Amino acid sequence: MLRAAVAKQTPLGLKAKETMEKGELVSDDLVVGIIEEALKRPSCGKGFILDGFPRTVVQAEKLDAMLEKKGQKVDKVLNFEVPDSVLEERICGRWIHPASGRSYHTKFAPPKVPGKDDITGEPLVQRKDDNADTLRSRLAAFHKQTSPVIDYYAAKGKVANLHADRKAADVTAEVRAAIK
């Protein structure tokens, strides 16, 4: 929603762009305002999904306050639970062909020739942040910020904990059951 608001040059999108161009973080109030703006679109008439927001309890409280003013509420929070060791295996095994964006995984979708793109034979690369140390640091920050958000919504009876370390079809079935 943030990128869309910037691309559409909405008034709030322009404020967000200005903030980002200064290298600053977009404020919680501005992000909630962008979400509020987006909710006016017909595509949100039957509902909406937020991915990666809120990340802090303050953001959750601001989101809830905005929705309450509109006579709406958060219906469900899907908490995709994956052990950190599984995330490390998934992320640290990713390889990308920069020119095409094709992605590979050393275990789950390996290239025919290690380190080479299947189509062009060009070298594959890993993103700079796809390493164990960076991931552990990001996960520590994620858990520190996000666990209280899960607790906040769990206290309201809104959380569905999903076992996201299983096969995609199983996780999809859990999602469907959670949002019925």
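Predicted model, so just to flag it, every value in this text is computed and none were measured. Heads up: numbering here begins at 1 and tracks the sequence.
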Verify whether one side chain among Glu81 and His163 offers a donor that lies under 3.5 Å from an acceptor in the other. no
Can His97 and Asp118 be counted as having a side-chain donor-acceptor contact under 3.5 angstrom? no
Electrostatic pair [X]-[Y], nearest N-O below 4.0 angstrom:
X      : Y      : answer
Lys62  : Asp64  : no
Lys69  : Glu36  : no
Lys116 : Glu122 : no
Asp170 : Lys167 : no

State the CD1-CG distance between Ile49 and Asp75, to the nearest 0.5 angstrom. 11.0 Å
Side chain [X], main chain [Y], donor-acceptor under 3.5 Å:
X      : Y     : answer
Gln9   : Leu14 : no
Gln59  : Phe53 : no
Lys158 : Val74 : yes
Glu88  : Asp84 : no

Under the side-chain contact (heavy atoms from CB on, under 4.5 Å) rule, collect the residues that match up with Ile119, sequence neighbours excluded.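 Here the qualifying residues are Arg102, Asp117.
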CD/Glu68: more than 12 non-hydrogen atoms of other groups inside 6.0 Å: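 No - once you tally the heavy atoms of other residues, nucleotides and ligands closer than 6.0 Å, there are 12 at most.
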Should we say atom NZ of Lys70 is surrounded by more than 12 heavy atoms from elsewhere, each under 6.0 Å from it?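 Result for NZ/Lys70: enclosed.
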Can you name the nearest heavy-atom pair linking Leu2 to Met20, along with the distance? CD2-SD, 4.3 Å
